[in-house]
Chemist: 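One structure coming up, written as structure tokens, with questions to follow.
Predicted model only: the values in this text are computed from it and were never measured.
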Amino acid sequence: MLLVAFALLAGAGTALSPCVLPILPAVLSAGATGGPRRPLGVVLGLAATFALTVAGVAELVVGTGAGQQVLRDVAVAVVALAGLVLLVPRLGERVERALAGAGRLGPRSRGHGFWSGLGVGAALGLLYVPCAGPILAAVISVGAASASTVPIALAYAAGSALVLFALALGGRRVAARLRGPAVRATLGAVLLATAVVLATNTDQRFEATLAAHLPSVLVDPTSGLERSHAVQQRLAALGHAPRFKPMASHGDKLPDLGPAPDFRGTEKWFNTPHPLTLRGLRGHVVLVDFWTYTCINCLRTLPYLKAWYARYRNDGLVVVGVHTPEFGFEHDAGNVGDAIARFGIRYPVAQDNAYATWFAWRNQAWPSEYLIDARGHVREAREGEGGYADTERSIRTLLAAAGARRLGGHADVGPVTTPGALETPETYLGAARAEGWLVPPHRGLLTFPPTAGDPPLNRFAYAGTWRIGAQPALAVRDAVIKAHVVGRAVYLVLGSAGGRPRTVTVLLDGKRIPPGEAGADVDHGRIVVRRQRLYSVAAFGTRPRDHVLTLRFAPGVTGYSFTFG
């Protein structure tokens with residue numbers, strides 16, 4: 001209840017922050033025309049899609065594997081259509097008649113415009129999602145709707161809706177004093193201009209300018225509330241205890257951890273003509289691997305999984321990868337399919353965009369492996385890397401118990417890279433899970449001063465202007481990251497707005513990184529970022545080494561996480 005109350009206040013504060021400015025003209029313009037119920041429709045539509053999206057109740061096109069950018073594109077198109085409706089009266093009449101007749105609860109006369117307002121508001125709600133603060137960032141990270149997350153999302157949306165509704169009513173009163181067709185045309189032009197601004201990402205540059213010149217209390221007025229001790233304590237309680245406690249085997253004696261839950265709520269399946277079920281796999285030994293394609297720890301387990309599948313599939317082993325995305329772009333089925341092909345994965349893989357299977361298993365981390373016997377019971381659970389020899393021994397034990405004979409020799413994994421104990425810990429660039437930063441980033445458009453000297457070991461520092469979200473950090477102007485790291489390799493998950501090629505310049509100890517120490521994705525000291533994926537930044541050899549990396553980001557490059565090998 002405390003989180004719900006704080007979320008209501010935080011939502012109201014967010015509606016007064018600069019984050020709402022790019023969509024505020026559209027809210028005011030959409031609510032200033034039509035009948036008296038139109039502002040209510042606009043605000044209800046915005047609150048509904050905002051709450052549904054952040055709570056995970058409606059995965060919308062994300063759940064189908066189409067990717068989150070599609071949501072923004074659709075929303076911009078709806079705003080543009082709303083502008084055309086106001087500019088072209090005949091078009092507006094046809095749209096209003098069609099929408100008013102679509103529902104019996106819709107207004108018929110004085111309520112003219114409610115349903116079109118609802119549609120425009122629904123689109124604006126999708127554009128409002130990036131304004132979600134730390135409370136909702138934590139809710140989103142939980143990954144699925146629950147009795148805890150839905151009320152918080154609804155309260156946050158309600159707080160924003162109340163403020164925006166008051167603003168819409170005020171704007172409507174002003175517009176009522178200025179009558180005539182010119183007013184309607186002007187409001188339509190404002191909506192079209194808003195669509196153009198959003199489509200060209202001009203809103204991000206505008207917000208960056210405000211962030212550079214306004215005090216932080218105006219840029220993010222709710223940050224103190226959302227980071228209070230009481231809120232943080234209760235956010236920590238949103239997690240879930242593991243269903244199967246990670247437990248290694250002891251020789252050939254494998255504990256029985258209970259029946260395995262089936263695959264649930266999956267979207268696209270790869271490398272299989274139809275979705276698989278554990279009931280349909282009874283009689284087989286099944287290894288379930290929770291992974292995501294930008295996780296370096298997951299990628300280091302792939303040689304073992306592929307080798308075991310090749311070696312034991314004819315003896316009754318089935319490996320099933322469950323791809324549960326960590327970042328928004330990992331929902332894209334095309335990205336997942338490309339990664340599966342690039343890594344040479346031939347065993348079945350299920351997309352778990354809605355975290356339905358993840359939460360059915362109450363999984364905790366990437367990667368995690370669960371070994372299931374022929375009766376459908378979990379016999380071994382592992383979290384993270386390592387223990388490969390023990391897992392293969394358990395596979396052989398369960399295959400023999402299921403009736404396999406003459407298993408022969410062990411799988412040939414080939415050369416692999418194993419993690420060491422000295423590497424810099426993984427960290428994230430977004431506000432939700434950022435660790436090790438000299439100035440911890442919070443959500444919003446922030447301008448960091450240039451770094452003086454090198455950061456201490458295992459610490460990171462921002463410089464320049466960045467748009468910090470819950471997960472990503474978008475380079476806006478003069479964007480730099482300095483990192484004092486130790487390890488054998490450095491990786492960074494990156495993306496580029498709109499898929500356009502943009503660069504990241506890599507300096508090692510203040511000089512352009514030499515070819516012998518550059519990662520596989522570095523060419524002449526630069527990374528060209530196109531697709532959203534894991535990029536190899538540096539490769540120092542077989543022994544961990546201590547270096548200071550300076551990364552200079554072109555505007556439009558998005559960073560997600562650092563990992564080390």
Side-chain angles (χ1 to χ4, degrees), residues 240-266 269-291 298 301-324 345-350 352 356-413:
H240 304 278
R243 181 167 187 164
F244 303 104
K245 185 176 179 180
M247 183 180 299
S249 60
H250 299 282
D252 293 336
K253 296 181 179 179
L254 302 178
D256 190 331
L257 303 180
D262 217 330
F263 307 113
R264 301 179 185 176
T266 56
W269 281 76
F270 301 86
N271 296 337
T272 176
H274 52 78
L276 302 181
T277 66
L278 287 180
R279 180 178 295 276
L281 293 175
R282 290 287 171 84
H284 293 80
V285 175
V286 181
L287 177 60
V288 175
D289 171 54
F290 284 90
W291 73 298
C298 300
T301 67
L302 291 183
Y304 297 93
L305 296 171
K306 293 191 295 182
W308 294 335
Y309 181 66
R311 175 66 185 82
Y312 298 113
R313 63 179 174 177
N314 291 333
D315 298 308
L317 175 68
V318 177
V319 178
V320 179
V322 178
H323 187 276
T324 310
I345 298 173
R346 297 184 178 180
Y347 51 79
V349 175
D352 184 33
T357 299
W358 176 286
F359 279 100
W361 288 72
R362 296 208 291 269
N363 192 53
Q364 302 289 300
W366 298 274
S368 291
E369 283 80 37
Y370 300 90
L371 195 56
I372 305 167
D373 64 20
R375 299 180 301 117
H377 282 223
V378 176
R379 305 298 298 275
E380 183 175 285
R382 288 189 180 273
E383 185 177 287
E385 300 178 69
Y388 301 115
D390 290 339
T391 297
E392 184 171 10
R393 182 169 58 249
S394 299
I395 291 172
R396 294 172 68 90
T397 297
L398 294 180
L399 288 173
R405 299 291 181 265
R406 299 180 180 179
L407 289 174
H410 288 63
D412 181 13
V413 179

Chemist: Between Thr266 and Asp352, is there a donor-acceptor pair closer than 3.5 Å when you use the side chain of the first and the backbone of the second?
Modeler: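 Not confirmed, Thr266 side chain does not pair with Asp352 backbone.
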Chemist: Between Trp291, Trp366, Phe263, which is the residue that forms a ring pair (Phe, Tyr, Trp, His ring centres under 6.0 Å) with Trp358?
Modeler: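 Answer to the ring pair (Phe, Tyr, Trp, His ring centres under 6.0 Å) test with Trp358 among Trp291, Trp366, Phe263: Trp366.
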Chemist: Roughly how far apart are Leu302 CG and Tyr309 OH, rounded to 0.5 Å?
Modeler: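 Reported value, rounded in 0.5 Å steps: 14.5 Å.
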Chemist: Is any side-chain heavy atom of Tyr370 closer than 4.5 Å to one of Glu380?
Modeler: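 A side-chain contact under 4.5 Å is absent here.
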Chemist: What closest approach, in Å, do Ala360 and Pro261 show between heavy atoms, and which atom pair accounts for it?
Modeler: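 Here Ala360 and Pro261 meet closest at O-CG, 3.6 Å.
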Chemist: Looking at Gln364 and Arg362, what are the two nearest heavy atoms and their distance?
Modeler: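 For Gln364 and Arg362, the tightest heavy-atom pair comes out as NE2-O, 3.2 Å.
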Chemist: Taking atom CG of Asp256 as the centre, does the number of heavy atoms from other residues, nucleotides or ligands within less than 6.0 Å exceed 12?
Modeler: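 Buried by this count: over 12 neighbours within 6.0 Å.
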Chemist: Among Thr391, Asp289, Thr301, which residue meets the side-chain hydrogen bond (donor to acceptor under 3.5 Å, both in side chains) test with Arg382?
Modeler: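 Only match with Arg382 under side-chain hydrogen bond (donor to acceptor under 3.5 Å, both in side chains): Thr391.
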Chemist: Which pair of non-hydrogen atoms, one from Ala356 and one from Gly265, has the smallest distance, and what is that distance?
Modeler: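 So the two residues come closest at CB-CA, 3.8 Å.
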Chemist: Is there side-chain contact between Asn363 and Thr324, with heavy atoms separated by less than 4.5 Å?
Modeler: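 Not in contact.
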Chemist: Mind checking the CG-CG spacing from Leu371 to Leu317? Nearest 0.5 Å is all I need.
Modeler: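 These two atoms lie 7.5 Å from each other.
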Chemist: Roughly how far, to the nearest 0.5 Å, is the CG atom of Asp315 from the CD1 atom of Ile395?
Modeler: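 Between atom CD1 of Ile395 and atom CG of Asp315 there are 11.0 Å.
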Chemist: Would you please classify the geometry between the Phe290 ring and the Trp361 ring as parallel, tilted or perpendicular, with 30° and 60° separating the classes?
Modeler: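 Trp361 and Phe290: perpendicular rings.
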Chemist: How close do Ala411 and Trp308 get, heavy atom to heavy atom, and via which atoms?
Modeler: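 Looking at all heavy atoms of both residues, the closest pair is CB-CD1, 3.8 Å.
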Chemist: Show the nearest heavy-atom pair for residues Asp412 and Ala307, with the distance to one decimal.
Modeler: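 Closest pair (atom of Asp412, atom of Ala307, distance): O-CB, 3.8 Å.
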Chemist: So which heavy atom on Ala400 is nearest to which on Arg405, and how close?
Modeler: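 Taking Ala400 first and Arg405 second, the nearest heavy atoms are O-NH1, 3.4 Å.
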Chemist: Could you state the interatomic distance from CG (Leu398) to CG (Asp373), rounded to the nearest 0.5 Å?
Modeler: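 Output value for this atom pair is 6.0 Å.
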Chemist: So, do Leu399 and Arg396 sit near enough that their side-chain heavy atoms are less than 4.5 Å apart?
Modeler: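 Leu399 does not reach Arg396 side chain to side chain.
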Chemist: Just checking, any donor-acceptor pair under 3.5 angstrom between side chains of Tyr304 and Glu392?
Modeler: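 Their side chains do not contain a donor-acceptor pair, so the 3.5 Å distance test is not met.
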Chemist: Distance check, rounded to the nearest 0.5 Å: Arg282 atom CZ versus Ile372 atom CD1?
Modeler: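 If we round to the nearest 0.5 Å, Arg282:CZ and Ile372:CD1 are 9.5 Å apart.
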Chemist: Rounded to the nearest 0.5 Å, what's the gap from CD on Glu385 to CD on Glu369? Could you check?
Modeler: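 Here the interatomic distance stands at 9.5 Å.
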